[in-house]
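Here is the structure we will look at, set down as structure tokens.
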Amino acid sequence: MIIVGVDGSRTGLEAVGWAADEAALRRTPLTVAHAVARWVYEESDGRYAEIRHWLREGANTVLIAAEDRVRREHPDVEVTSELLPGDPRTALINASEGAELLVVGSRGVGGVRGLLVGSVAHGVVAHARTDVVLVHELPRPPRGEVVVGVDGSACGLRALDFAFAEAERRGTRLRAVQAWAWPQLTGFEPADSESEQNALRTLQGLVAGRRERHPGVDVVAEVVHGHPVEVLKEAAARADLLVVGSRGHGQLAGMIIGSISQALLHHAPCPLAVVRH
């Protein structure tokens, strides 16, 4: 099952569109979820019954619009809707327990102008109990490529597995990218050619082991000079989906989401999948 969070915003509906496409590719049910305050969720005839009724009607309108989009674009997808009580972050995180994937829009209703990622999206990506896809807007037309950032960490290897599966479902090329540079006080400077070739051979070895399980996927493996955020942002400019691990090498103990993944929440030029270990 895939869960997509909606709130009536444009990016929320874009997330619904992406989630519907993904549910069709995976042949799995889709749940459209919307969170409201607990006092709105709970039925009662108290002092604020009329306001509660009005807010619930608005919530149902949001869910109906999302379901209508799914049925219009993918009539074969089994879709249901669910009203969740409580804070949207906590509600969606709890709902993601046992789901294959959680999909959210980057900014919702009431987001602060100028922020690329809203507090709900950021909180969900950081704490969800499954893989998360963050949707800014859908590439139109499709670009025919999935890009994955690889760094050899456990999360990075799982991101590579996720990306292979996505490329196979979509029938698109997979570009596996590793950023390679030595950190210097003045910035990132290119590593020597021997180190770069060793890195490329390692990356090709990781790709080769997975290509056997996905023989139909056309794969490009490349090592690119530069900071990982800039390298992946540039590669994803030509992609339908960018895939990264939630935490890579060198992350501080206790960090929930790594600095590279966190930066890409704000700068990815296409839907971003953050894969858990």
Side-chain angles (χ1 to χ4, degrees), residues 93 96 100-102 117 121-134 145-168 173-184 187-192 194-214 217 219-236 239 241-277:
I93 289 165
S96 72
E100 296 176 46
L101 196 64
L102 175 59
V117 177
H122 193 281
V124 165
V125 172
H127 296 282
R129 296 161 186 171
T130 188
D131 302 330
V132 181
V133 172
L134 180 71
E145 185 166 278
V146 172
V147 171
V148 57
V150 183
D151 64 357
S153 67
C155 271
L157 295 179
R158 188 162 182 275
L160 185 58
D161 290 331
F162 182 101
F164 258 102
E166 283 297 315
E168 186 171 60
R173 180 175 53 248
L174 173 62
R175 186 175 300 275
V177 180
Q178 181 174 350
W180 186 251
W182 295 116
Q184 304 289 341
F188 278 76
E189 297 181 5
D192 62 90
E194 182 180 352
S195 298
E196 181 184 349
Q197 288 302 312
N198 288 337
L200 181 58
R201 281 192 290 271
T202 299
L203 177 59
Q204 289 171 333
L206 294 174
V207 166
R210 288 157 175 82
R211 184 181 270 140
E212 294 176 2
R213 301 196 296 271
H214 304 275
V217 176
V219 188
V220 176
E222 58 185 17
V223 173
V224 182
H225 292 153
H227 189 281
V229 173
E230 295 303 319
V231 167
L232 291 174
K233 187 169 73 169
E234 174 66 23
L241 180 67
L242 172 61
V243 184
V244 294
S246 58
R247 294 180 68 242
H249 279 314
Q251 302 299 340
L252 297 176
M255 287 188 71
I256 297 170
I257 181 170
S259 58
I260 305 303
S261 305
Q262 189 156 195
L264 288 168
L265 295 182
H266 299 274
H267 297 293
C270 65
L272 172 70
V274 180
V275 177
R276 300 282 166 192
H277 174 43

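- Across every non-hydrogen atom of Val133 and Pro271, the tightest pair is CG1-CB, 4.3 Å.
- Checked against salt bridge (Lys or Arg N to Asp or Glu O under 4.0 Å), Arg129 has the following partners two or more places apart in sequence or in another chain: Glu97.
- Expressed to the nearest 0.5 Å, how far CG of Leu203 lies from CG of Leu160 amounts to 8.0 Å.
- The two residues Leu232 and Gly149 come nearest to each other via the heavy atoms CD2-CA, 3.7 Å.
- Side-chain N or O atoms of Ser261 include one that pairs as donor or acceptor with a backbone N or O of Gly245 at under 3.5 Å.
- Taking each heavy atom of Ala199 and Gln178 in turn, the nearest pair found is O-OE1, 4.0 Å.
- Side chain of Arg158 to backbone of Ala154: no donor-acceptor contact under 3.5 angstrom is found.
- Of the listed residues (Leu134, Val147, Val274), just one forms a side-chain contact (heavy atoms from CB on, under 4.5 Å) with Leu242, and that residue is Val147.
- Sorted by first and then second residue, the pairs that involve residues 220-231 and meet salt bridge (charged side-chain N to carboxylate O under 4.0 Å, His left out), not counting sequence neighbours, are Arg175-Glu222, Glu230-Lys233.
- Partners of Ala263 according to the side chain to side chain contact (heavy atoms under 4.5 Å, CB included) rule, which considers only residues two or more places apart in sequence or in another chain, are Val229.
- Using cut-offs of 30° and 60° on the angle between ring planes, the pair His214 and Phe164 is parallel.
- With a 4.5 Å cut-off on side-chain heavy atoms, Ile260 and Val244 do not count as touching.
- Checked against side-chain hydrogen bond (donor to acceptor under 3.5 Å, both in side chains), Glu100 has the following partners two or more places apart in sequence or in another chain: Arg26, Thr28.
- Side-chain atoms of Asp131 do not come within 3.5 Å of backbone N or O of Leu101 as any donor-acceptor pair.
- Residues meeting the side-chain hydrogen bond (donor to acceptor under 3.5 Å, both in side chains) test with Arg213, sequence neighbours left out: Asp161.
- For the atom pair CD of Gln204 and CZ of Arg211, the computed distance is 8.5 Å after rounding to the nearest 0.5 Å.
- Atom SG in Cys155 sits 9.5 Å away from atom CG in Leu157 (nearest 0.5 Å).
- Nearest approach of Ala179 to His227, heavy atoms of both residues: CB-C, 4.3 Å.
- Between Leu200 and Ala221, the closest heavy-atom pair is CD1-O, 3.8 Å.
- For the residue pair Val219 and Val207, the shortest heavy atom distance occurs at CG1-CG1, 3.4 Å.
- Under the side chain to side chain contact (heavy atoms under 4.5 Å, CB included) criterion, Ala163 pairs with Val146, Val148, Leu174, Val243, not counting sequence neighbours.
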